[in-house]
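Throughout, protein chains are lettered first and strands after them, A, B, ... in sequence-line order, and every chain is numbered starting at 1.
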Number of protein chains: 2
Amino acid sequence: MEERQARTAFAALSQETRLRIVRLLVQAGPEGMAAGAIAEAVDVSPSNVSFHLKDLEHAGMIVPRREARSIIYSADFAGLRDLIAFLMKDCCAGHPEICAPALADAPCGPSAKKKRAHA
Amino acid sequence: MEERQARTAFAALSQETRLRIVRLLVQAGPEGMAAGAIAEAVDVSPSNVSFHLKDLEHAGMIVPRREARSIIYSADFAGLRDLIAFLMKDCCAGHPEICAPALADAPCGPSAKKKRAHA
DNA sequence: TCCTCATTTCAATGATTATTGAATTATAGG
DNA sequence: CCTATAATTCAATAATCATTGAAATGAGGA
């Protein structure tokens, strides 16, 4: 991943509505959600959600597919992984054992949030 | 981590100079770098690097410590982990096995970028 | 074909944010 | 105590971005 694309992705995630959309779709999984349902879920106007969906798509965070009259969006898990990898690349000058303990149980999972209880 | 703080963090990472600073410090490891050295490395004015360092500190991405006349900044690895965890929380509605393969070897490491060669 | 629904595009407005250079604070050494 | 160095603060300017409502597109069903 290039720096430019990573910045676009982080900028996309820095906006309230867009971050909510991405988390909504991360939690929804590969099944995804229709644009209209997303608009309702995050409570913004159709035109506004469309604006943000385009931005997220351009940033490589979500992918669209057509299904009947609706357009279904789902999280781009490969894009998310690439973004995280870019941020952490060459961590600790090639000695990941230094920061690995701090990152170990970060990604994914129901309660990834407070996993380091016993550590 | 709260949504508000996550947005602040992503906004911090979305700016060219700040993203370079964070990656510089991620690669530098716990040792960190002095503000002046960072300014030189990313080629911006002292006042401007100070502005961005404050923003990154406020976003929980870096931490400062004083050492003689200099202020040494290093990456906040716990903060980075929390941010990633927030983004991926409750992935696939509690079924991380769905997206885990896509995220498996993302974090950390010398070539985290293209690690899934053999899978 | 005609009509309807879902989504997108467009132009205008208001609000944030980065950058610059000068002035200021704070630390350490002579 | 005085000087030099390191970093930060401040005010002003320029640039970027989100939001709104109306109009347009495009796919499907009657």
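No side-chain heavy atom of B:Phe10 sits under 4.5 Å from any side-chain heavy atom of A:Gln15. Between B:Ser74 and B:Leu25, the closest side-chain pair of non-hydrogen atoms is not below 4.5 Å. Looking at B:Ser14 and B:Leu19, their side chains never come closer than 4.5 Å, going by heavy atoms from C-beta outward.
The nearest heavy atom of DNA chain D to A:Val44 and to B:Ala35 marks one nucleotide each, and the one closer to the 5' end goes with B:Ala35. Comparing B:Ala68 and A:Lys54, the nucleotide of DNA chain C nearest to each residue sits closer to the 5' end for A:Lys54.
In this structure, A:Ser47 reaches the bases: a heavy-atom distance under 4.0 Å links it to at least one base atom across the strands shown. Residue A:Ser70 is in sugar-phosphate contact alone, with no base atom involved, counting any heavy-atom pair closer than 4.0 Å across all strands shown. Using a 4.0 Å heavy-atom cutoff across all strands shown, B:Ala39 reaches no nucleic acid atom at all. Heavy atoms of A:Ala11 sit nowhere under 4.0 angstrom from any nucleic acid atom.
Listed candidates were D:dT8, C:dT19, C:dC5. Nearest to the side chain of A:Arg69 is C:dC5. With D:dT8, C:dA26, C:dT8 as the choices, the nucleotide that has an atom nearest any side-chain atom of B:Arg66 turns out to be C:dA26.
Under 4.0 angstrom from either OP1 or OP2 of C:dA18 there lies at least one side-chain N or O belonging to B:Arg18. Under 4.0 angstrom from either OP1 or OP2 of D:dC17 there lies no side-chain N or O belonging to A:His52. Side-chain nitrogen and oxygen atoms of B:Gln15 include at least one within less than 4.0 Å of the OP1 or OP2 phosphate oxygen of C:dT19.
Linking ILVMFWY side-chain heavy atoms closer than 4.5 Å, directly or via other members, places B:Met88 and B:Met1 in a single hydrophobic cluster.
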